[in-house]
Amino acid sequence: MRQRHQKEYFFYSLNGIDKKIIIEDVEVYPEGLGAIESSFDGIIIDIGGRTTDIAEIENMKVKNPFSLPAGTMNLYSDFIKVINDKHSLDLKINDVDRILRNGLKIYGEEKDISFALEVFREYVEKIISELQINYSIKTHDIKLTGGGAVLLAKAFLKRLPNAEIVDNPFFANAIGFKKVGESIWL
Ligand SMILES: Nc1ncnc2c1ncn2[C@@H]1O[C@H](COP(=O)(O)OP(=O)(O)O)[C@@H](O)[C@H]1O
Ligand SMILES: [Mg+2]
């Protein structure tokens with residue numbers, strides 16, 4: 001970590017307005033912890049863009065955290081590759097949302113994509129088998145958060161009836177860490 005007396009300046013623009021941030025102090029929190037209320041005891045699964053961060057929380061303490069090196073971007077790229085290979089297409093990652101929403105049509109003809117949805121189910125199975133190695137998943141409450149929580153929710157909830165998605169999973173970490181920062185520094 002950088003020395004405390006060194007201030008960091010960041011310049012950026014948001015909606016066309018130039019902003020400057022001065023960072024005077026930092027606090028390090030595990031991914032996912034921002035997304036839950038302080039009373040939560042259980043397992044938190046934070047599915048991000050390139051990592052999935054998992055931890056057991058007990059009395060606001062993190063136990064046995066681990067991280068899988070995959071997230072939505074890897075899943076999207078595997079999903080689109082499977083579809084491209086099967087149908088000789090050259091779809092890109094930014095076609096995924098549309099296909100998940102509307103299905104796949106080629107020259108107007110609807111195509112089955114259930115074989116490609118297997119990519120998401122397989123990843124959920126992988127996460128669950130890692131959970132089984134590390135925790136007592138039958139007896140814990142489980143929360144899903146992060147940008148991939150909605151994408152994988154259906155497959156998760158089918159396998160784990162004790163799982164639920166946090167409110168606003170796309171922003172739950174950011175909102176939670178803002179609160180942490182306010183409670184420490186404001
Ligand atoms: N509004 C949204 N609608 C659908 N998917 C989203 C949205 N915002 C983020 N995502 C998905 O979430 C991913 C990022 O998740 P996030 O938890 O922010 O990642 P990380 O914590 O790894 O930076 C994106 O790659 C995208 O797949
Ligand atoms: Mg994240």
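Atoms within each ligand, like the ligands themselves, are counted from 1 in listed order.
- With contacts defined as side-chain heavy-atom distances shorter than 4.5 Å, the pair Phe79/Ile83 qualifies.
- In this structure, the side chains of Ile43 and Asn134 stay at 4.5 Å or more apart for every pair of heavy atoms.
- The 12-atom threshold is exceeded at CG of Asn102, counting heavy atoms of other residues, nucleotides or ligands nearer than 6.0 Å.
- Nearest protein heavy-atom contact of atom 6 (C) of ligand 1 is Phe170 CE2, 3.3 Å.
- Assignment of Ile47 to the shell around ligand 1 is supported, since a heavy atom sits closer than 4.0 Å.
- Within a 6.0 Å radius of CZ in Phe177, other residues, nucleotides and ligands contribute more than 12 heavy atoms.
- Side chains of Tyr76 and Asp97: a donor on one and an acceptor on the other come within 3.5 Å.
- Protein heavy atom at the shortest distance from atom 17 (O) of ligand 1 is Gly147 N, 2.8 Å.
- Atom 21 (O) of ligand 1 is flagged as protein-proximal [any protein heavy atom, distance under 4.0 Å].
- Which parts of ligand 1 touch Met73 is read off a 4.0 Å heavy-atom cut-off, strictly below it: atoms 25 (O).
- Within the listing of ligand 1, atoms 17 (O) sit less than 4.0 angstrom from a heavy atom of Gly146.
- Ranking the protein heavy atoms by distance from atom 13 (C) of ligand 1 puts Thr72 OG1, 3.5 Å first.
- Scanning the protein heavy atoms around atom 19 (O) of ligand 1, the nearest turns out to be Gly49 N, 3.1 Å.
- The closest side-chain donor-acceptor pair between Asp46 and Thr145, if any, does not fall under 3.5 angstrom.
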